[in-house]
Amino acid sequence: MVKLDTTQRTGFMQYWLMKSEPDAFSIDDLQKVGTEPWDGIRNYQARNFMRDDMKIGDLVFFYHSSCKIPGIVGLMEVASESYPDFTAFDSNEKYFDSRSNPEKPTWMMVDVKFVQKLAVPITLQSLKQNPKLDGMRLLQKGNRLSIMPVEKVHWDTIMDMTNV
DNA sequence: GCCAACGTTGGC
DNA sequence: GCCAACGTTGGC
(Lines give C-alpha, C1' and ligand atoms only; values in the text may rest on other atoms or scores of the structure.)
Protein backbone atom coordinates (compact mmCIF):
# COMPACT_ATOMS: atom_id res chain seq x y z
CA MET A 1 0.00 0.00 0.00
CA VAL A 2 1.24 3.46 -0.83
CA LYS A 3 1.17 5.44 2.33
CA LEU A 4 -1.05 8.48 2.08
CA ASP A 5 0.82 11.57 3.16
CA THR A 6 -1.86 13.56 4.89
CA THR A 7 0.64 16.24 5.81
CA GLN A 8 0.74 17.33 2.16
CA ARG A 9 -2.73 18.78 2.35
CA THR A 10 -2.88 22.52 2.44
CA GLY A 11 -5.08 24.92 4.30
CA PHE A 12 -6.63 24.72 7.74
CA MET A 13 -8.39 21.49 8.45
CA GLN A 14 -9.43 19.41 11.37
CA TYR A 15 -9.10 15.73 12.03
CA TRP A 16 -11.88 13.46 13.24
CA LEU A 17 -12.74 9.91 14.20
CA MET A 18 -16.11 8.36 13.45
CA LYS A 19 -17.29 5.00 14.73
CA SER A 20 -19.50 2.52 12.97
CA GLU A 21 -20.46 -1.03 13.71
CA PRO A 22 -19.17 -2.98 10.72
CA ASP A 23 -22.27 -5.18 10.73
CA ALA A 24 -24.29 -2.04 10.00
CA PHE A 25 -21.84 -0.11 7.82
CA SER A 26 -18.19 -1.01 7.26
CA ILE A 27 -15.18 0.47 5.49
CA ASP A 28 -15.85 -2.00 2.68
CA ASP A 29 -19.38 -0.68 2.34
CA LEU A 30 -18.02 2.86 2.09
CA GLN A 31 -15.43 1.81 -0.47
CA LYS A 32 -18.21 0.34 -2.61
CA VAL A 33 -20.47 3.37 -2.58
CA GLY A 34 -17.75 6.03 -2.45
CA THR A 35 -19.77 8.70 -0.68
CA GLU A 36 -22.43 8.16 1.98
CA PRO A 37 -24.54 10.25 4.38
CA TRP A 38 -23.45 9.55 7.96
CA ASP A 39 -26.99 9.13 9.23
CA GLY A 40 -28.42 7.93 12.50
CA ILE A 41 -26.46 10.12 14.91
CA ARG A 42 -28.76 10.77 17.86
CA ASN A 43 -26.38 12.32 20.32
CA TYR A 44 -26.16 16.07 20.73
CA GLN A 45 -22.41 16.32 21.16
CA ALA A 46 -21.77 14.25 18.06
CA ARG A 47 -24.36 16.23 16.12
CA ASN A 48 -22.78 19.51 17.16
CA PHE A 49 -19.41 18.40 15.85
CA MET A 50 -20.96 17.66 12.46
CA ARG A 51 -23.15 20.75 12.42
CA ASP A 52 -20.73 23.33 13.80
CA ASP A 53 -17.17 22.21 13.27
CA MET A 54 -16.83 19.85 10.33
CA LYS A 55 -15.62 21.37 7.07
CA ILE A 56 -15.44 19.87 3.63
CA GLY A 57 -12.04 18.25 3.21
CA ASP A 58 -11.50 17.45 6.88
CA LEU A 59 -9.94 14.01 7.25
CA VAL A 60 -11.58 11.28 9.29
CA PHE A 61 -10.51 7.96 10.75
CA PHE A 62 -13.10 5.25 10.12
CA TYR A 63 -13.35 3.16 13.30
CA HIS A 64 -15.04 -0.21 13.64
CA SER A 65 -16.75 -0.57 17.02
CA SER A 66 -18.68 -3.30 18.81
CA CYS A 67 -16.98 -6.04 16.87
CA LYS A 68 -14.39 -8.73 17.26
CA ILE A 69 -11.35 -6.51 16.73
CA PRO A 70 -12.25 -2.85 17.28
CA GLY A 71 -9.94 -0.33 15.64
CA ILE A 72 -9.19 2.14 12.88
CA VAL A 73 -9.73 0.54 9.49
CA GLY A 74 -9.52 3.39 7.00
CA LEU A 75 -9.57 7.04 6.09
CA MET A 76 -12.34 9.18 4.71
CA GLU A 77 -13.03 12.86 4.26
CA VAL A 78 -15.91 15.15 4.99
CA ALA A 79 -17.71 15.64 1.68
CA SER A 80 -20.54 18.05 2.48
CA GLU A 81 -21.71 20.75 4.80
CA SER A 82 -24.12 19.48 7.42
CA TYR A 83 -27.75 19.06 6.46
CA PRO A 84 -30.85 17.53 8.09
CA ASP A 85 -30.71 13.81 8.77
CA PHE A 86 -33.81 12.82 6.82
CA THR A 87 -33.92 9.35 8.37
CA ALA A 88 -35.29 11.03 11.49
CA PHE A 89 -38.43 12.06 9.57
CA ASP A 90 -39.46 8.59 8.42
CA SER A 91 -41.40 6.47 10.91
CA ASN A 92 -40.25 3.36 9.08
CA GLU A 93 -36.61 4.16 9.80
CA LYS A 94 -34.74 2.68 12.72
CA TYR A 95 -33.60 6.11 13.84
CA PHE A 96 -36.97 7.85 13.44
CA ASP A 97 -37.44 10.68 15.92
CA SER A 98 -40.83 12.35 16.10
CA ARG A 99 -39.32 15.50 17.60
CA SER A 100 -37.42 16.19 14.40
CA ASN A 101 -39.19 17.57 11.33
CA PRO A 102 -38.08 19.15 8.06
CA GLU A 103 -39.07 22.66 9.22
CA LYS A 104 -37.08 22.37 12.43
CA PRO A 105 -34.68 19.42 12.19
CA THR A 106 -33.20 18.13 15.42
CA TRP A 107 -30.60 15.90 13.83
CA MET A 108 -27.97 16.80 11.27
CA MET A 109 -25.39 14.85 9.31
CA VAL A 110 -22.63 15.23 6.75
CA ASP A 111 -21.62 13.16 3.76
CA VAL A 112 -18.36 11.27 4.02
CA LYS A 113 -16.20 10.13 1.12
CA PHE A 114 -13.92 7.11 0.97
CA VAL A 115 -10.20 7.90 0.90
CA GLN A 116 -8.33 4.74 1.79
CA LYS A 117 -8.69 1.39 3.46
CA LEU A 118 -5.75 0.46 5.67
CA ALA A 119 -3.90 -2.68 4.59
CA VAL A 120 -3.66 -3.58 8.26
CA PRO A 121 -6.18 -2.15 10.73
CA ILE A 122 -4.80 -0.29 13.72
CA THR A 123 -6.43 -2.12 16.56
CA LEU A 124 -7.75 -0.49 19.70
CA GLN A 125 -5.29 -2.65 21.57
CA SER A 126 -2.32 -1.23 19.66
CA LEU A 127 -3.62 2.32 20.09
CA LYS A 128 -3.75 1.76 23.84
CA GLN A 129 -0.20 0.44 23.80
CA ASN A 130 1.26 3.55 22.17
CA PRO A 131 2.33 5.98 24.91
CA LYS A 132 2.24 8.87 22.42
CA LEU A 133 -1.54 8.48 22.36
CA ASP A 134 -1.99 8.92 26.10
CA GLY A 135 -4.79 11.42 26.54
CA MET A 136 -6.43 10.69 23.22
CA ARG A 137 -10.15 11.14 23.61
CA LEU A 138 -10.98 7.76 22.09
CA LEU A 139 -8.96 6.03 24.78
CA GLN A 140 -10.38 7.86 27.75
CA LYS A 141 -12.33 5.75 30.19
CA GLY A 142 -16.04 5.68 29.64
CA ASN A 143 -15.86 7.53 26.34
CA ARG A 144 -18.84 6.60 24.20
CA LEU A 145 -18.90 9.42 21.69
CA SER A 146 -19.22 8.08 18.16
CA ILE A 147 -17.82 11.25 16.58
CA MET A 148 -14.90 13.10 18.06
CA PRO A 149 -12.08 15.42 17.08
CA VAL A 150 -8.54 14.03 16.84
CA GLU A 151 -5.61 16.22 17.79
CA LYS A 152 -3.02 16.69 15.06
CA VAL A 153 -0.28 15.15 17.19
CA HIS A 154 -2.43 12.05 17.67
CA TRP A 155 -3.39 11.97 14.00
CA ASP A 156 0.27 12.09 12.96
CA THR A 157 1.20 9.41 15.47
CA ILE A 158 -1.48 7.09 14.16
CA MET A 159 -0.52 7.77 10.53
CA ASP A 160 3.02 6.74 11.45
CA MET A 161 1.60 3.48 12.80
CA THR A 162 0.24 2.68 9.34
CA ASN A 163 3.79 2.15 8.06
CA VAL A 164 4.20 -1.50 7.26
C1' DG B 1 -23.74 -12.22 27.73
C1' DC B 2 -21.98 -9.04 31.22
C1' DC B 3 -21.52 -4.71 33.00
C1' DA B 4 -19.35 0.00 33.67
C1' DA B 5 -20.06 4.39 32.17
C1' DC B 6 -22.62 7.73 30.26
C1' DG B 7 -26.71 10.48 28.30
C1' DT B 8 -31.57 11.28 28.57
C1' DT B 9 -36.07 11.40 30.63
C1' DG B 10 -39.42 12.71 33.72
C1' DG B 11 -41.39 13.09 38.45
C1' DC B 12 -41.12 16.07 42.10
C1' DG C 1 -33.05 22.21 39.34
C1' DC C 2 -32.31 17.68 41.39
C1' DC C 3 -31.73 13.02 40.81
C1' DA C 4 -33.38 8.18 40.27
C1' DA C 5 -34.54 5.23 36.70
C1' DC C 6 -33.86 3.81 32.35
C1' DG C 7 -31.72 2.97 27.76
C1' DT C 8 -27.54 2.76 25.08
C1' DT C 9 -22.70 2.18 23.98
C1' DG C 10 -19.03 -0.66 23.45
C1' DG C 11 -15.10 -3.31 25.37
C1' DC C 12 -14.29 -7.61 27.22
Side-chain angles (χ1 to χ4, degrees), chain A residues 14-33 36-54 58-78 82-151 153-162:
Chain A
Q14 281 191 256
Y15 301 104
W16 303 94
L17 181 143
M18 296 166 91
K19 298 177 185 172
S20 178
E21 299 184 15
D23 287 347
F25 188 73
S26 71
I27 186 71
D28 293 323
D29 295 326
L30 182 63
Q31 183 164 21
K32 270 176 223 151
V33 297
E36 179 80 359
W38 201 264
D39 63 357
I41 298 301
R42 300 292 180 267
N43 169 284
Y44 290 103
Q45 243 185 310
R47 177 206 65 185
N48 293 349
F49 283 137
M50 289 196 290
R51 188 189 60 187
D52 304 332
D53 299 321
M54 278 190 182
D58 283 359
L59 285 169
V60 187
F61 285 134
F62 194 127
Y63 179 94
H64 281 177
S65 66
S66 294
C67 57
K68 208 163 185 179
I69 305 175
I72 294 168
V73 294
L75 305 179
M76 51 190 178
E77 63 181 68
V78 176
S82 66
Y83 60 99
D85 182 342
F86 48 76
T87 66
F89 307 145
D90 183 347
S91 59
N92 295 318
E93 286 281 350
K94 184 183 175 191
Y95 293 107
F96 170 68
D97 184 346
S98 59
R99 292 170 300 180
S100 191
N101 62 77
E103 288 71 40
K104 202 163 177 266
T106 305
W107 303 113
M108 307 287 284
M109 61 185 173
V110 299
D111 292 345
V112 292
K113 184 179 160 193
F114 178 84
V115 172
Q116 184 178 59
K117 179 181 172 177
L118 298 184
V120 181
I122 304 174
T123 63
L124 175 61
Q125 189 188 16
S126 66
L127 293 171
K128 283 178 172 174
Q129 285 169 353
N130 190 333
K132 288 183 183 165
L133 297 177
D134 285 354
M136 189 183 176
R137 195 159 180 167
L138 176 74
L139 305 179
Q140 280 166 12
K141 191 181 176 188
N143 171 61
R144 298 187 318 170
L145 258 188
S146 66
I147 297 177
M148 68 191 81
V150 176
E151 293 173 35
V153 58
H154 295 150
W155 180 276
D156 293 342
T157 298
I158 292 167
M159 289 307 297
D160 285 343
M161 294 169 74
T162 65

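Throughout, protein chains are lettered first and strands after them, A, B, ... in sequence-line order, and every chain is numbered starting at 1.
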Participant: Round to a whole Å and report the spacing from CG of A:N48 to C1' of B:dG7.
Facilitator: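 That distance rounds to 14 Å.
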Participant: Between the side chains of A:T87 and A:R42, is a donor N or O closer than 3.5 angstrom to an acceptor N or O?
Facilitator: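 Result is yes, a qualifying pair exists.
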Participant: Answer whether the closest heavy-atom distance between the side chains of A:F61 and A:M159 falls below 4.5 Å.
Facilitator: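 A side-chain contact exists here, since the closest heavy-atom pair is under 4.5 Å.
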Participant: If you count every heavy atom of other residues, nucleotides or ligands that lies below 6.0 Å from A:L139 atom CG, does the total exceed 12?
Facilitator: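 Atom CG in A:L139 is packed in, count exceeds 12.
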Participant: Strictly under 6.0 Å, is that where the ring centroids of A:W107 and A:Y44 end up?
Facilitator: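 Ring centres of A:Y44 and A:W107 closer than 6.0 Å.
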Participant: With heavy atoms under 4.0 Å as the rule, sort A:R47 into base, sugar-phosphate or nothing.
Facilitator: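 Contact class for A:R47: none.
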Participant: How close or far is atom P of B:dT8 from atom CD1 of A:I41, stated in whole angstroms?
Facilitator: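 So the two atoms are 13 Å apart, to the nearest Å.
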Participant: Please list each protein N or O that sits under 3.5 Å from an N or O in nucleotides 9-12 of chain C, with the distance.
Facilitator:
from	atom 1	to	atom 2	distance (Å)
C:dT9	O3'	A:R144	O	3.4
C:dG10	OP1	A:K19	NZ	2.9
C:dG10	OP1	A:R144	O	2.9
C:dG11	OP1	A:Y63	OH	2.6
C:dG11	OP2	A:S66	N	3.0
C:dC12	OP1	A:K128	NZ	2.5

Participant: Give a yes-or-no answer on whether the side chains of A:D29 and A:S26 include a donor-acceptor pair shorter than 3.5 Å.
Facilitator: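 Yes, because at least one side-chain N or O of A:D29 sits under 3.5 Å from a partner of the opposite role on A:S26.
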Participant: Is the backbone N or O of A:D39 less than 3.5 Å from a side-chain atom of A:D85, with the two atoms forming a donor-acceptor pair by type?
Facilitator: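 Checking the backbone N and O of A:D39 against the side chain of A:D85, no donor-acceptor pair under 3.5 Å is found.
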Participant: If you compare every side-chain N and O of A:K141 against the phosphate oxygens of B:dA5 (OP1, OP2), does one of them come in below 4.0 Å?
Facilitator: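 Yes.
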